[in-house]
Amino acid sequence: MAVHTKHPVSAPPAAPAREKTGHLLLRAWCIFVLTLAIAGVSWVNAFGAVIAAGITVAAAAVSVALWIVIRPPVQWRRFPWYALVYVAFAAVSVLWSVWPLATVLTWSLLALTTLQALFVGGVLTWHELIRAVSSALQWVLSLSLLFELFVSVVVQHPVMPQFAEAPDGVDPIVYWSRDNLFDGGRIQGVFGNANLLAMVAVLAIVVFAVRYAAQSPRRHWQLFWIALAAYLLVRAGSATAYLALGGAVLVLATVLLMRTTTRPGERTKYYVAYAAVGLGGALALWFGRDAIFTALGRDSDLTGREMIWDAVLARVAERPWAGWGYSTPWLPWEARIDGWIVDHDQTVMQAHSMWVDVLFQLGIIGLVLVALAYFAFVWRSWFFAVDRPRWDLRDDRPYTTLSLVPTLTGAILLVQGFSESNPLMLWGWMFVVMFAYKIKQSPHIGEGPIEQRLAIERGDLMKQEP
């Protein structure tokens with residue numbers, strides 16, 4: 001039987017372009033790499049330090065091999081050089097380190113994290129990168145909830161890392177899961193730490209909300225993931241995470257306000273006003289910390305952090321310029337660390353402030369370098385968010401929603417860095433290097449020579465998110 005159609009013969013329907021299988025596998029690998037960094041210590045809790053280290057090294061080797069094969073376009077002069085100089089100085093510190101083995105081991109983790117950040121930022125376009133971050137966060141949050149559900153329903157008692165038997169009288173701080181899912185207590189997810197889970201939940205809320213606003217494919221699913229991340233944030237109960245979310249909201253409001261300006265110099269008054277608000281807020285937070293942290297259910301000394309800072313700064317005074325040697329985190333079996341600062345009968349493994357930690361390990365020189373690295377990242381990510389995309393005389397291109405992610409991530413890490421050292425390692429450091437590198441290499445989302453060349457070389461013809 002003949003089939004008739006009114007469709008013009010000159011324009012027959014065509015199937016949408018499909019991505020190449022190799023590129024789909026590359027994106028899947030990048031999601032695994034991001035999951036490896038975001039999940040962090042959960043790999044150690046699940047498999048032990050040796051296996052976790054082996055996975056990290058093997059993943060880096062695979063990424064290097066892929067980078068050599070793919071050979072993405074690279075502008076060598078546009079690297080995040082401040083961050084790389086900090087990494088180099090941390091390596092050189094082995095020459096005067098009082099714990100050289102710890103320096104070598106922890107610097108290796110820093111170097112591999114930096115390498116992975118450059119790899120992911122170099123082989124994915126902006127749309128793919130944000131999508132991969134979103135997918136990795138979905139995996140981590142889902143596994144955290146399923147893990148807590150497994151412990152509460154199947155195991156029905158707190159568990160130690162690698163599901164080892166908990167010795168009698170052990171402090172709950174060492175549990176991998178405290179079996180609190182159904183009793184209203186704080187949950188820790190696969191991290192074994194409620195504060196780490198909460199910070200990842202904050203990052204997830206930001207990424208999912210931005211993708212929803214960007215009209216991403218199946219965008220309404222982002223509402224489900226936002227709800228899951230918010231639930232885990234509330235159940236983790238971290239005061240620092242709540243403050244980080246508040247900081248991200250403040251930065252978002254500022255960016256959106258800056259985008260409304262139309263005349264040169266119009267932003268100046270907003271910068272002055274927000275500088276005053278920021279300074280006033282910081283002073284109010286410090287001098288009113290008793291009331292604020294009591295309201296959030298925390299001690300006014302930031303749960304013992306002031307005691308830790310006093311002890312660390314006392315050692316800083318002994319070696320102020322170049323520090324005691326790089327070690328992030330502190331390794332508890334080192335003689336100068338073991339038993340030095342004890343909390344809940346456990347040796348403390350960080351200074352609980354990235355600034356104090358860097359000052360302790362690498363002195364004033366290291367502090368200046370990491371401050372420059374963060375300043376460069378925040379500076380570029382800020383203008384990446386508030387300026388219209390422009391690479392020629394045209395100045396009326398629309399703003400891109402995805403450009404909000406780097407500057408909001410920077411806000412989260414800066415707030416976290418006040419009371420935690422995590423922005424110096426794992427996903428915190430990876431995202432700083434990755435976004436800084438990506439902004440310098442591809443300063444426009446979906447447009448410009450770098451992104452277009454990547455898309456053409458890989459045959460990536462799929463319709464991108466706006």
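One-based numbering along the sequence shown.
- Under a 3.5 Å cut-off, the side chain of D357 and the backbone N or O of S421 do not form any donor-acceptor pair.
- Rounded to the nearest 0.5 Å, atoms CG (L331) and CE (M349) are 6.5 Å apart.
- With W126 as the aromatic partner, R131 does not meet the cation-pi criteria of under 6.0 angstrom to the ring centre and within 45 degrees of the ring axis.
- Between K438 and L124, the shortest heavy-atom contact is NZ-O, 2.5 Å.
- Of the possible donor and acceptor atoms, one in the side chain of T103 sits under 3.5 Å from a partner among the backbone N and O of Y326.
- W67 and Y437 have perpendicular rings, their planes meeting at more than 60° on a 0 to 90° scale where under 30° would count as parallel.
- For W99 and W330, the distance between ring centers is not under 6.0 angstrom.
- Using a 4.5 Å heavy-atom threshold, the side chains of W429 and L110 count as touching.
- A side-chain donor-acceptor contact under 3.5 Å links S42 to the backbone of A39.
- Distance alone, capped at 3.5 Å, is enough to place a donor-acceptor pair between the R259 side chain and the A385 backbone.
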Pairs of donor and acceptor atoms involving the side chains of residues 365-377, under 3.5 Å and at least two apart or interchain, shall be tabulated with distances.
residue	atom	partner	partner atom	Å
Y374	OH	P423	O	3.0

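- Under the 3.5 Å distance criterion, the side-chain polar atoms of R186 are matched with a main-chain donor or acceptor of A236.
- A donor-acceptor pair is defined here as one N or O able to donate and one able to accept, closer than 3.5 Å; no such pair exists between the side chain of Q116 and the backbone of V33.
- Using a 4.5 Å cut-off on side-chain heavy atoms (C-beta onward), H352 and S419 make no contact.
- The closest side-chain donor-acceptor pair between S327 and E334, if any, does not fall under 3.5 angstrom.
- Under the 4.5 Å side-chain criterion, counting only non-hydrogen atoms from C-beta, Q222 is in contact with S216.
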- Task: I would like to know whether Q138 and S142 meet side-chain hydrogen bond (donor to acceptor under 3.5 Å, both in side chains); could you show each step before the answer?
- Result: CA-CA 6 Å; Q138 291 171 12; S142 299; over 6 Å; no

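- Between the CG atom in L404 and the CZ atom in R211 there is a gap of 14.0 Å [rounded to 0.5 Å].
- Note that CG of L66 is 8.0 Å distant from SG of C30, once rounded to the nearest 0.5 Å.
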- Task: Tell me, with the steps shown, if L243 and Q416 meet side-chain contact (heavy atoms from CB on, under 4.5 Å).
- Result: CA-CA 8 Å; L243 293 175; Q416 184 189 24; over 6 Å; no

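- Counting non-hydrogen atoms of neighbouring residues, nucleotides and ligands closer than 6.0 angstrom, the CH2 atom of W96 exceeds 12 such neighbours.
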- Step by step, work out the side-chain contact (heavy atoms from CB on, under 4.5 Å) result for N422 and Q350. CA-CA 9 Å; N422 298 92; Q350 59 165 302; 3.9 Å; yes

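- No side-chain heavy atom of V249 sits less than 4.5 Å from a side-chain heavy atom of L408.
- The closest side-chain heavy-atom distance from V123 to R27 is not below 4.5 Å.
- At a threshold of 4.5 Å between non-hydrogen side-chain atoms, the residues I412 and M199 count as touching.
- In this structure, W225 has its ring center at least 6.0 angstrom away from the ring center of Y231.
- The nearest pair of heavy atoms linking A59 to F32 is CB-CE2, 4.3 Å.
- Remark: R336 is not positioned above the aromatic ring of W324, lacking an NZ or CZ atom under 6.0 angstrom from the ring centre and at most 45 degrees off the axis.
- A donor-acceptor pair under 3.5 Å links the side-chain atoms of T56 to the main chain of A52, judged by distance alone.
- T35 approaches V140 most closely through the heavy-atom pair CG2-CG2, 3.9 Å.
- If you take CZ on F191 and OG on S144, they are separated by 5.0 Å, rounding to the nearest 0.5 Å.
- Atom CG of L233 is separated from atom OG of S238 by 8.0 Å, given to the nearest 0.5 angstrom.
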- Would T409 and V207 satisfy side-chain contact (heavy atoms from CB on, under 4.5 Å), going step by step from the backbone distance to the final call? CA-CA 9 Å; T409 300; V207 174; 5.6 Å; no

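- Q188 places no side-chain N or O within 3.5 Å of a backbone atom of L197 that could act as its donor or acceptor partner.
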Got a list of side-chain donor-acceptor pairs under 3.5 Å for residues 76-92, not counting sequence neighbours?
residue	atom	partner	partner atom	Å
R78	NE	K440	O	2.5
R78	NH2	K440	O	3.1
W81	NE1	R77	O	3.3

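- V120 places none of its side-chain heavy atoms less than 4.5 Å from the side chain of W29.
- A37 and L426 get closest at one heavy-atom pair: O-CB, 3.8 Å.
- Heavy-atom minimum distance, P100 versus V94: O-CG2, 4.0 Å.
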- Could you check D387 against Y399 for side-chain contact (heavy atoms from CB on, under 4.5 Å), going step by step and ending with a plain yes or no? CA-CA 8 Å; D387 288 343; Y399 292 105; 5.6 Å; no

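- Under a 3.5 Å cut-off, the side chain of W427 and the backbone N or O of L34 do not form any donor-acceptor pair.
- The environment of CH2 in W221 is sparse: at most 12 heavy-atom neighbours from other residues, nucleotides or ligands sit within 6.0 Å.
- A heavy-atom distance below 4.5 Å is not found between the side chains of V378 and T407.
- N195 CG to E420 CD: the interatomic distance, rounded to the nearest 0.5 Å, is 5.5 Å.
- For the pair V348 and I337, the tightest heavy-atom approach, listed with the atom from each and the gap, is O-CG2, 4.1 Å.
- Between F418 and W309, a ring centre-to-centre spacing shorter than 6.0 Å is recorded.
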